[in-house]
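Everything below concerns the one structure shown next.
Whatever order the structure lists ligands and atoms in, that order sets their numbers, starting from 1. All values below come from the heavy atoms of this structure, side chains included, with hydrogens, waters and symmetry mates left out.
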Amino acid sequence: MSKEQILKEIIESIVSLDIDKIKPLTETAVQSGIPAYAVVMEGLAKGMDAVGQKYEAGEYFLAELLMAGETMKEGMKVLEPYLKDAKREPLGRVVIGTVRGDLHDIGKNIVATLLEGSGFEIYDLGVDSPPEKFTSRAAETNAHIVAMSALLTTTMPEMGSIIQELAKAKVRHKVKVIVGGAAITDEYSKRIGADAYGRDAVEGNNICKEWMKARAM
Ligand code: B1M
């Protein structure tokens with residue numbers, strides 16, 4: 001099978017919710033030399049986009065969304081070891097979470113995996129995380145970066161609340177704040193006073209690495 005065919009089958013397995021096929025397919029992908037990043041971005045994530053479109057078109061319902069999420073996670077289990085390098089000195093500390101009221105964690109988990117792979121120490125708050133949790137964890141860990149994800153238009157404002165909470169707790173000036181998720185735009189990130197917006201996991205990871213490089217200089 002060509003690399004293009006393998007990626008196409010991965011997309012199709014997500015769309016057809018074929019959880020049994022995803023593990024052998026992602027294994028085949030890495031064994032045939034497709035970089036793990038590419039398997040995530042060009043395979044699994046594209047499949048999830050297609051599932052989202054089917055949901056919007058009324059062809060899929062919540063049960064299918066959940067199953068697609070589980071199928072994606074099965075693929076990620078195979079890829080995670082390849083996305084993480086051998087242990088080294090932490091590049092920096094990142095507190096990451098999905099904001100309050102929001103249960104979407106697939107994108108956030110990809111961002112966390114890539115950051116960990118780059119050498120960051122990750123404090124993952126999980127989903128539905130209130131502003132106080134972000135602030136207290138950032139203070140306790142002396143974090144360099146606070147990273148937030150939101151997928152719903154209704155939960156986007158939580159990001160602004162977290163930034164305000166960080167300021168109230170006198171932590172804001174010590175951390176860089178990056179936001180991302182399907183609901184977020186660059187313009188919105190500026191409006192709420194974030195330091196950056198990550199369009200996707202790779203861009204988010206690169207921004208965080210650049211910040212640590214700039215600190216070291
Ligand atoms: Co829901 N959901 N969902 N959902 N879901 C969306 C987001 C939606 C767009 C679907 C639609 O209507 N087309 C819609 C939101 C509409 C809106 O607000 N504008 C929606 C809705 C409405 C809902 C419910 C309200 C449905 C209901 O109950 N009626 C409900 C809400 C529950 C809640 O959160 N309180 C709900 C529930 C769910 C499931 C639980 C079933 C499931 C989530 C499973 C899980 O995450 N464990 C689910 C899913 C799977 C989706 C879609 C189909 C896929 C999301 C996903 O995982 N994408 C989604 C449709 C879509 O987005 N097209 C949809 C793949 C993932 C890799 O992408 O998370 O965007 P994403 O992450 C990307 C980038 O955004 C970026 O990097 C990632 C990789 O490149 N990124 C960052 C993300 N965070 C970042 C942080 C950064 C930097 C980059 O720095 C910090």
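Contact atoms of ligand 1 toward Ile178: 90 (O), 91 (C) (distance under 4.0 Å to a heavy atom of the residue). Ligand-side atoms of ligand 1 in range of Met148: 86 (C), 91 (C), range being under 4.0 angstrom from any heavy atom. Ligand-side atoms of ligand 1 in range of Ser149: 83 (C), 84 (N), 85 (C), range being under 4.0 angstrom from any heavy atom. If you number the atoms of ligand 1 from 1 as listed, the ones under 4.0 Å from a heavy atom of Met41 come out as 80 (O). Residue-ligand proximity, Met48 to ligand 1, at heavy-atom distances under 4.0 Å covers atoms 50 (C), 54 (C), 57 (O), 58 (N), 65 (C). Each of the atoms 11 (C), 13 (N) of ligand 1 lies under 4.0 Å from some heavy atom of Glu56. In summary, the atoms of ligand 1 found under 4.0 Å from a heavy atom of Ile110, numbered by their order in the structure, are 67 (C). The Arg199 neighbourhood of ligand 1 comprises atoms 74 (C), 76 (C), with distances under 4.0 Å to a heavy atom of that residue.
Counting all heavy atoms, side chain and backbone alike, Leu91 lies closest to Met212 at O-CE, 3.2 Å. Closest of all the heavy-atom pairs between Gly181 and Leu151 is CA-CD2, 4.1 Å.
Atom 11 (C) of ligand 1 has its nearest heavy-atom neighbour, among Tyr55, Tyr60, Phe61, in Tyr55. The nearest non-hydrogen atom to atom 89 (C) of ligand 1, considering only Gly198, Ala182, Gly107, Ala112, comes from Gly198. Residue His104 holds the heavy atom nearest to atom 6 (C) of ligand 1 of all those in His104, Glu64, Met67. Compare Ala63, Ala57, Gly101, Ala50 by their heavy atoms: the one nearest to atom 35 (N) of ligand 1 is in Gly101. Across the listed options Val51, Leu103, Thr153, Val146, Thr153 owns the non-hydrogen atom lying nearest to atom 17 (C) of ligand 1. Atom 63 (N) of ligand 1 has its nearest heavy-atom neighbour, among Ala183, Gly52, Ala196, in Gly52. For atom 81 (N) of ligand 1, the choice among Ala147, Ala150, Gly181 with the nearest heavy atom turns out to be Gly181.
To the nearest 0.5 Å, the span separating OG1 on Thr113 from CD1 on Ile122 amounts to 8.5 Å. The distance from atom CG of Leu25 to atom CE of Met1, rounded to the nearest 0.5 Å, is 6.0 Å. Atoms NE2 and CH2, from His144 and Trp211 in turn, are 12.5 Å apart once rounded to the nearest 0.5 Å. A distance of 10.0 Å separates CD of Glu9 from CD1 of Ile22, quoted to the nearest 0.5 Å. The CE atom of Met48 sits 8.0 Å away from atom OG1 of Thr71, with the distance rounded to the nearest 0.5 Å. Taking CD of Glu210 as the reference point, atom CG of Asn205 lies at 10.5 Å (rounded to 0.5 Å).
Using a 4.0 Å cutoff on heavy atoms, Glu203 does not count as a contact of ligand 1.
Linking ILVMFWY residues whenever their side-chain heavy atoms come closer than 4.5 Å, directly or via other members, leaves Leu152 and Val51 in distinct clusters. Both Ile163 and Val95 are members of a single hydrophobic cluster when ILVMFWY side chains are connected at heavy-atom separations under 4.5 Å.
Where the criterion is an N or O separation shorter than 3.5 Å, residue side chain and backbone included, Asp200 fails it with respect to ligand 1. For ligand 1, the polar-atom distance check finds an N/O of Ala201 within less than 3.5 Å of one of the ligand's N/O atoms.
Among all protein heavy atoms, the one lying closest to atom 16 (C) of ligand 1 is Leu152 CD2, 4.5 Å. Counting protein heavy atoms only, atom 40 (C) of ligand 1 is closest to Leu66 CD2, 4.0 Å. At the shortest separation from atom 55 (C) of ligand 1 among protein heavy atoms lies Leu151 CD1, 4.1 Å. Counting protein heavy atoms only, atom 52 (C) of ligand 1 is closest to Leu65 CD2, 4.5 Å. Of all protein heavy atoms, the one closest to atom 28 (O) of ligand 1 is Leu62 CD1, 3.7 Å. From the protein, the heavy atom lying nearest to atom 47 (N) of ligand 1 is Asp105 OD1, 2.7 Å. Regarding atom 44 (C) of ligand 1, its nearest protein heavy-atom neighbour is Ile106 CD1, 4.2 Å.
When non-hydrogen atoms are compared, ligand 1 lies under 4.0 Å from neither the backbone nor the side chain of Gln53.
Note that atom 24 (C) of ligand 1 has no protein non-hydrogen atoms nearby, at separations under 4.0 angstrom. Counting protein heavy atoms under 4.0 angstrom from atom 86 (C) of ligand 1 gives one or more. Protein heavy atoms are absent from the 4.0 Å sphere centred on atom 59 (C) of ligand 1. Of the protein's heavy atoms, none falls inside 4.0 Å of atom 8 (C) of ligand 1.
Looking only at side-chain heavy atoms (C-beta outward), Ile10 and Leu44 come within less than 4.5 Å of each other.
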Exercise. Applying side-chain contact (heavy atoms from CB on, under 4.5 Å), run through Met76 and Asn109 and close with a yes or a no.
Key: CA-CA 9 Å; Met76 283 304 292; Asn109 292 344; over 6 Å; no

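Salt bridge Glu74/Lys77: present, at least one basic N to carboxylate O contact under 4.0 Å. A salt bridge links Glu27 to Lys23: one of the charged nitrogens lies within less than 4.0 Å of a carboxylate oxygen. Residues Arg172 and Asp195 are paired through a salt bridge, judged by an N-O separation under 4.0 Å between the basic side chain and the carboxylate.
Not one N or O on the side chain of Asp128 forms a donor-acceptor pair closer than 3.5 Å with the backbone of Arg100.
The only member of Arg137, Arg93, Lys108 that meets salt bridge (charged side-chain N to carboxylate O under 4.0 Å, His left out) when paired with Asp124 is Lys108.
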